[in-house]
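The structure appears below as structure tokens.
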Amino acid sequence: MIRRATPEDVPALVGLVYDLAEYEKARHECALTDEQLHASLFGPDPKVFAHVAQRDSGGEVLGCAIWFLNYSTWTGTHGIYLEDLYVTPEARGLGLGKALLTELAREAVTNGYRRVDWSVLNWNTPSIEFYDALGANPQDEWTGYRLTGEALTRLAAR
């Protein structure tokens, strides 16, 4: 079962984000709190959205897709940027990851969005193979950049 996240799902979502950070060997970088995610998803003007995956309607949250809207000046339309897609190890192979991405594809098509984008670590072969099997195309002609920490502060102070 795939559904939109509710406020009651926030602790499970935060736990899944930390599990993903651990899997990506970056647990030390994760500082998300329940309060932050609750405000982002359910505050007065949400800019972040989430879907959860469960085995059944009353079951435990086994996976999530956390996303936000982006915009393409080339197409003149919004798209979805998938920030996190994660399914617990014990639930992998049940089709939950594919079901979450299918729901995001429906969300995009229903709303007239032209694409769904995400990033994957170069070493994450199982995920790359999964995305390739869905027909997703790697965007390897682009290099992602990030401005953070002291460099961000220094630039802002100019």
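The heavy-atom pair separating Tyr23 from Trp123 by the smallest distance is O-CH2, 3.3 Å. The two atoms that bring Val61 and Ala12 nearest to each other are CB-CB, 4.0 Å, heavy atoms only. The two atoms that bring Thr75 and Ser72 nearest to each other are N-OG, 3.1 Å, heavy atoms only.
Among residues at least two apart or in separate chains, salt bridge (Lys or Arg N to Asp or Glu O under 4.0 Å) pairs with a member in residues 101-112 are Arg4-Glu107, Glu103-Arg106. Residue pairs meeting the salt bridge (Lys or Arg N to Asp or Glu O under 4.0 Å) criterion with at least one member in residues 53-72, sequence neighbours excluded, do not occur. The ring-ring contact (aromatic ring centres under 6.0 Å, His included) analysis of residues 133-158, with sequence neighbours excluded, yields no pairs. Identified under the salt bridge (Lys or Arg N to Asp or Glu O under 4.0 Å) test for residues 112-140, with sequence neighbours left out: Arg115-Asp117. A salt bridge (Lys or Arg N to Asp or Glu O under 4.0 Å) check over residues 77-95, counting only residues at least two apart or in different chains, returns nothing.
By the ring-ring contact (aromatic ring centres under 6.0 Å, His included) test, Tyr113 is found to be paired with no residue, residues two or more places apart in sequence or in another chain being considered. Among residues two or more places apart in sequence or in another chain, the salt bridge (charged side-chain N to carboxylate O under 4.0 Å, His left out) test is passed with Arg3 by Asp9. Legend: residues meeting side-chain hydrogen bond (donor to acceptor under 3.5 Å, both in side chains) with Thr102, ordered by chain and number and at least two apart, are absent. Take Tyr71 and apply the ring-ring contact (aromatic ring centres under 6.0 Å, His included) test, not counting sequence neighbours, and it matches His78. Residues meeting the side chain to side chain contact (heavy atoms under 4.5 Å, CB included) test with Val120, sequence neighbours left out: Asn124, Ser127, Ile128, Tyr131.
Cluster annotation: Ile66 is connected to Tyr86 through the hydrophobic network of ILVMFWY side chains, with a link wherever side-chain heavy atoms come within less than 4.5 Å. Under the 4.5 Å side-chain heavy-atom criterion for ILVMFWY residues, no single connected hydrophobic cluster contains both Leu16 and Val87. When the side chains of ILVMFWY residues are joined at heavy-atom separations under 4.5 Å, either directly or via intervening members, Leu104 and Val52 end up in two distinct hydrophobic clusters. In the hydrophobic clustering of ILVMFWY residues, with side-chain heavy atoms under 4.5 Å counting as a link, Leu85 and Tyr18 come out apart. Hydrophobic clustering (ILVMFWY, side-chain heavy atoms < 4.5 Å, transitive): Leu13 and Phe68 are in distinct clusters.
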Donor-acceptor pairs under 3.5 angstrom involving side-chain atoms of residues 28-50: please list them, not counting sequence neighbours.
residue	atom	partner	partner atom	Å
Thr33	OG1	Gln36	N	3.0
Thr33	OG1	Gln36	OE1	3.4
Gln36	OE1	Thr33	N	2.9
Ser40	OG	Gln36	O	3.1
Asp45	OD1	Lys47	NZ	3.3
Asp45	OD2	Lys47	NZ	2.5

Counting only pairs under 3.5 Å, give me each side-chain donor-acceptor contact of residues 151-158, with atom names and distances, residues two or more places apart or in other chains.
residue	atom	partner	partner atom	Å
Thr153	OG1	Gly149	O	3.2

Run the numbers on Phe130 and Leu134 for side chain to side chain contact (heavy atoms under 4.5 Å, CB included), then give the verdict.
CA-CA 7 Å; Phe130 170 67; Leu134 293 176; 3.8 Å; yes

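Separation of atoms CH2 (Trp118) and CG (Leu82) is listed at 7.0 Å; rounding is to 0.5 Å. Separation of atoms CG (Asn70) and CD1 (Ile80) is listed at 8.5 Å; rounding is to 0.5 Å.
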